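Below is one structure, written out as structure tokens; comments come after it.
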Amino acid sequence: MFPEVTRDDVFRIETSRLWLRWAAVKDAASIERIASDADVADLTGILPHPYPPGEATRFIFEARKDNALGKRLSFVIARRDTPAQALGVIGSRILSTPQEPTLRVSLGYWLGRSHWGEGIATEAAHGLVDALFTYSETAVIESAVRVINPASRRVMEKTGFQYVGADMMTLPALASRVAVDNFRLDRSTWSSLRNWKMPHIEVDPVSSYRDGSIAAEMVSCT
């Protein structure tokens, strides 16, 4: 179960450009428009196409219910300066069984075509991954990407996920099995990435040359 702090619709995740917030009924039109794009549906493999009328409203109510029960975390992706406009959806669900000693969850998302190539999916994934490891007992996050979707593969790599192999997955929306690349990120790897700091370069005034130039010396890593 996801923690109590996430089970109220006032909970949101903020990044430098984005809000990840609970879906609301007012988002239905935007979600339906984005999800009706054949290319979006094909690359995800989870959206039915044609997108049925009323499906967006059903999705919103189901997402809100599951969020409240702690079964899932589903968020609308929106820009901080226009938080009412949905750009896409990102979410996570529990994969592990009650018998497993650690919590495994999934990561998945879909984004409107007009926002591809802007780094929004990567930024949203970073935000959700940080929240999962910070606010819950998540030990491992897993994600499957269709092999025809190299952009999503890059999102996984930029978020620190490790490729763990190819597989075939049944996607009900496509009524078939498709090839996917599987990715995995565990807590220890995430912690290492979060703690990684770029070397901080300072100038040592003692290391001055006679011609007046100065030597930069790496004096600390912060």
Side-chain angles (χ1 to χ4, degrees), residues 2 6 13 15 18-23 27 30-31 34-37 39-49 51 55-56 58-60 62-67 69-78 86-96 103-113 115-116 119-133 135-136 138-174 176-186 190:
F2 290 111
T6 68
I13 301 168
T15 68
L18 306 174
W19 276 9
L20 310 183
R21 58 170 177 80
W22 278 41
D27 296 312
S30 294
I31 289 175
I34 296 167
S36 294
D37 187 317
D39 287 338
V40 173
D42 189 47
L43 289 176
T44 64
I46 61 173
L47 297 171
H49 187 77
Y51 197 68
E55 175 63 17
R58 187 206 65 78
F59 164 77
I60 289 168
E62 192 71 19
R64 292 180 63 87
K65 181 184 74 173
D66 287 349
N67 280 3
L69 293 174
K71 292 181 177 180
R72 292 177 180 246
L73 281 180
S74 295
F75 298 105
V76 160
I77 304 170
L87 311 181
V89 171
I90 190 168
S92 181
R93 63 183 177 85
I94 296 172
L95 298 174
S96 54
L103 180 61
R104 289 186 302 113
V105 304
S106 68
L107 174 70
Y109 70 90
W110 45 273
L111 188 67
R113 181 210 292 266
H115 306 289
W116 292 359
I120 288 175
T122 300
E123 187 172 330
H126 284 177
L128 181 53
V129 164
D130 286 350
L132 287 168
F133 283 126
Y135 295 111
S136 77
T138 296
V140 175
I141 305 175
E142 299 177 5
S143 187
V145 175
R146 292 197 66 185
V147 296
I148 63 171
N149 193 352
S152 279
R153 184 186 182 102
R154 290 193 293 273
V155 170
M156 293 295 101
E157 293 168 345
K158 291 177 182 178
T159 312
F161 282 75
Q162 304 298 307
Y163 173 70
V164 293
D167 199 358
M168 299 295 292
M169 176 179 289
T170 300
L171 297 175
L174 299 177
S176 64
R177 289 174 61 81
V178 298
V180 297
D181 290 326
N182 294 312
F183 292 85
R184 184 180 188 273
L185 177 63
D186 59 44
W190 168 80

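Everything quoted here is computed from the prediction, not taken from an experiment. For the single chain, residues carry numbers from 1 onward in sequence order.
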Worksheet item: Without hydrogens or angle criteria, can the side chains of E142 and S106 be said to hold a donor-acceptor pair below 3.5 Å?
Response: no
Discussion item. Give me each pair satisfying ring pair (Phe, Tyr, Trp, His ring centres under 6.0 Å) with a member in residues 138-171, each pair once, sequence neighbours excluded.
Written reply: Y163-F183
Worksheet, complete the sentence: Minimal heavy-atom distance between L43 and I148, with the atoms involved, is CD2-O, 3.7 Å
Worksheet item: Do R113 and W116 meet the cation-pi criteria used here (NZ or CZ under 6.0 Å from the six-membered ring centre, within 45° of the axis)?
Response: yes
Worksheet item: Thinking salt bridges, do D186 and R104 make one under a 4.0 Å N-O criterion?
Response: no
Worksheet item: Got a sec, which residues hit side-chain hydrogen bond (donor to acceptor under 3.5 Å, both in side chains) with D130, two or more places apart in sequence or on another chain?
Response: W190, R194
Discussion item. I'd like to know if the side chain of H126 and the backbone of K158 have a donor-acceptor N/O pair within less than 3.5 Å.
Written reply: yes
Item to complete: Return the minimal non-hydrogen interatomic distance between T15 and G127, and the atom names on each side.
Response: CG2-CA, 4.0 Å
Fill in: salt bridge (Lys or Arg N to Asp or Glu O under 4.0 Å) partner of D181, chosen from R146, R153, R154
R153
Item to complete: Might you point out which heavy atoms bring I120 and L18 nearest each other, and give the distance in Å?
Response: O-CD1, 3.6 Å
Worksheet entry | Closest non-hydrogen atom pair between A23 and R64, with its separation | O-NH1, 2.8 Å
Worksheet item: When you measure from the side chain of T44 to the backbone N and O of A41, does any donor-acceptor pair fall under 3.5 Å?
Response: yes
Worksheet item: Is the closest side-chain donor-acceptor distance between Y109 and S152 under 3.5 Å?
Response: yes
Fill in: Nearest-0.5 Å distance, CZ of residue R93 to CG of residue L73
13.0 Å
Response to the item:
Heavy atoms of W22 and D27 approach each other most closely as O-OD2, 4.3 Å
Worksheet item: What are the two closest non-hydrogen atoms of L111 and L87, and how far apart are they?
Response: CD1-O, 3.4 Å
